[in-house]
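I have placed the structure first, in the form of structure tokens, so that the comments after it can refer back to it.
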Amino acid sequence: MNTLIVVVGPTGIGKSKISIRLAKHYHSEIISADSRQLYRELCIGTAVPSQEELETVPHHFIQTKSIQDYYNVSDYEVEALTLINHLFTFKNPLVLTGGSMLYVDTVCKGIDDIPTVDPEIREEVVDWYRNNGLEALRERLRLIDPEYYRIADLNNPKRLLHAVEIHQMTGTPISAFRKNTVKERPFRMIKIGINQDRKILYDRINSRVEQMMDAGLLDEVRSVYPYRNLNSLNTVGYKELFAYFDGACSLDEAVDLIKRNSRKYARKQLTWYRRDADIKWFEPDQVQKIIEFTDQILKADG
RNA sequence: GGGGAGAUACCAAAGUGGCCAACUGGGGCAGACUGUAACUCUGCUGGCGUACGCCUUCGUAGGUUCGAAUCCUGCUCUCCCCA
């Protein structure tokens, strides 16, 4: 039976190392589910695996796009599934790992088919929102899509904007596209969660930020500073240093902020994964146990 | 040594007699999440309790008052200016 081993956990916990161990053990390959390691211009700040690590095991979806490319979860779903199904023709199991919760989930459960919004439409709607405000945006949504209005997070402009954009572009309310069903996948999944004591995790995150700085993060961020408004650069590790380049804060303050925002991100990831009952949790140093666990399941089908 | 300012919850910072368990921001904790998701948004944050509520807080010890974080006095500490 084709099996996808899914490794999740908070940033800085050591998913990459464990995934590489697993992939080596099974002579397999790694599919990355990371919305920022996707960009070739970003490396240090997104903690892309080292050149050496990348050479040990084939990796996919690492630094294959440009920060200037438009890319979204749905694109990823299509590309990742195509690749996974292809790889399964000669390798099994495969390892999926990454910190982007929605990316992982989209491989595991799928995402509804909703059209991609044209940039012009997006700009038009965003402008309208800037001029009219949140209250007006809500009202506009209520009129065009009362069904979505009922369940929407009315304080969240981004979500409301998207719903309005979809209607503006297609003439169809977003609720008509939302099926919210879990797609069947032609392979089995084993979900492995990595976590450890919060205090230790925070220490690891903090020191990893220091290491990134030592590795030249400042120069990396400087090199993409001209593109700072791109969404792909609305990213922890970059936005804080942009603020430093702007003169809005000191370098020390920016680095502290990176640490703090990384910790917040880790917490958010844990919140997301906590509700997934299919995940079997381990500590970062339990690679042996993880392998025993996956071996046991894989051998069960003989 | 003289003069001035101040001590508020984890931090910063409002409050200057009752509407104060105490604004707000940060941090922390918890949660939501269907299209650029490392995004965006929400709740809680003195203790106990599901809750009406009860108990203990605003440097410290007293005092005034029906009532004090807020007024008065002593003490401790911090900061600034002049010597």
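Quick note: numbers below take in every heavy atom, side chains included, and nothing from hydrogens, waters or symmetry partners. Convention: sequence-line order gives letters A, B, ...; per-chain numbering from 1.
Proximity note for A/Asp75 (side chain, C-beta onward) versus B/rU40, B/rA37, B/rG35: the nearest is B/rG35. Of the candidate nucleotides B/rU42, B/rC29, B/rU40, B/rU40 has the atom nearest to the side chain of A/Asn156. Taking the side chain of A/Lys268 as heavy atoms from C-beta on, and the options B/rC39, B/rG35, B/rG27, the nearest nucleotide is B/rC39. Distances were taken from every side-chain heavy atom of A/Arg275 (C-beta onward) to each of B/rC39, B/rA32, B/rG31; the shortest belongs to B/rA32. Nearest nucleotide to the A/Arg263 side chain, out of B/rG27, B/rG31, B/rG35: B/rG27. The listed nucleotides are B/rA37, B/rU40, B/rG35; the one nearest the side chain of A/Lys158 is B/rU40.
Whole-Å rounding puts the A/Arg267 CZ to B/rG31 P distance at 12 Å. Protein atom CD1 of A/Ile151 is 19 Å distant from nucleotide atom P of B/rC41, rounded to whole Å. Distance A/Glu253 CD to B/rG26 P: 16 Å, rounded to the nearest Å. A/Leu233 has its CG atom 12 Å from the P atom of B/rA37, to the nearest Å. Rounded to a whole Å, the CG atom of A/Leu257 is 11 Å from the C1' atom of B/rG27. With rounding to whole Å, A/Tyr76 atom OH is found 18 Å from B/rC39 atom P. In this structure, A/Leu134 atom CG and B/rU42 atom P are separated by 10 Å, rounded to whole Å. Rounded to whole Å, atom C1' of B/rU42 lies 7 Å from atom CG of A/Asp153.
Nucleic acid contact for A/Asn261: none, since no nucleic acid atom lies under 4.0 Å from a heavy atom of the residue. Using a 4.0 Å heavy-atom cutoff across all strands shown, A/Arg122 reaches at least one base atom of the nucleic acid. A/Asn155 comes within 4.0 angstrom of the backbone, heavy atoms only, and of no base. Base contact: A/Gly45 has a heavy atom under 4.0 Å from a base atom. Heavy atoms of A/Tyr265 sit under 4.0 angstrom from at least one base atom. Note on A/Thr11: nothing from the nucleic acid sits closer than 4.0 angstrom, heavy atoms only. Residue A/Ser175 is classed as having no contact, given no heavy-atom separation below 4.0 Å to the nucleic acid. Residue A/Ser100 is in sugar-phosphate contact alone, with no base atom involved, counting any heavy-atom pair closer than 4.0 Å across all strands shown. Residue contacts for A/Asp113: at a heavy-atom cut-off of 4.0 Å it reaches a base atom on one of the strands shown.
The phosphate of B/rC29 (OP1 or OP2) has no side-chain N or O of A/Lys264 nearer than 4.0 angstrom. Within the structure, a side-chain polar atom (N or O) of A/Arg274 is placed less than 4.0 Å from OP1 or OP2 of B/rG31. Regarding contacts with the backbone of B/rG35, every side-chain N or O of A/Thr116 stays at 4.0 angstrom or more from both OP1 and OP2. When the side-chain nitrogen and oxygen atoms of A/Tyr202 are compared with OP1 and OP2 of B/rC29, one or more of them lie within a distance under 4.0 Å. Checking the phosphate oxygens (OP1, OP2) of B/rC29, a side-chain nitrogen or oxygen of A/Arg198 falls inside 4.0 Å.
Between A/Tyr71 and A/Asn234, the residue anchored nearer the 5' end of RNA chain B, judged by the nucleotide with its closest heavy atom, is A/Tyr71.
Classified by interplanar angle (parallel below 30°, tilted 30° to 60°, perpendicular above 60°), the ring pair A/Phe61/A/Tyr76 is perpendicular.
A donor N or O paired with an acceptor N or O is found under 3.5 Å between the base of B/rC39 and the side-chain atoms of A/Arg159.
Evaluated for a side chain to side chain contact (heavy atoms under 4.5 Å, CB included) with A/Thr271, the options A/Lys268, A/Gln269, A/Arg274 yield exactly one hit, A/Arg274.
Around atom CD of A/Glu124, more than 12 heavy atoms belonging to other residues, nucleotides or ligands sit under 6.0 Å away.
We find that A/Lys65 and A/Glu79 are joined by a salt bridge, their nearest charged nitrogen and carboxylate oxygen being less than 4.0 Å apart. The pair A/Arg142-A/Glu139 meets the salt-bridge criterion, since a charged nitrogen lies less than 4.0 angstrom from a carboxylate oxygen. A salt bridge links A/Lys199 with A/Asp203; the closest basic N to acidic carboxylate O contact falls under 4.0 Å. No salt bridge links A/Lys24 with A/Glu55; every basic N to acidic carboxylate O contact stays at or beyond 4.0 Å.
Of the P atoms belonging to B/rG17 and B/rA7, the separation is 15 Å, rounded to the nearest Å.
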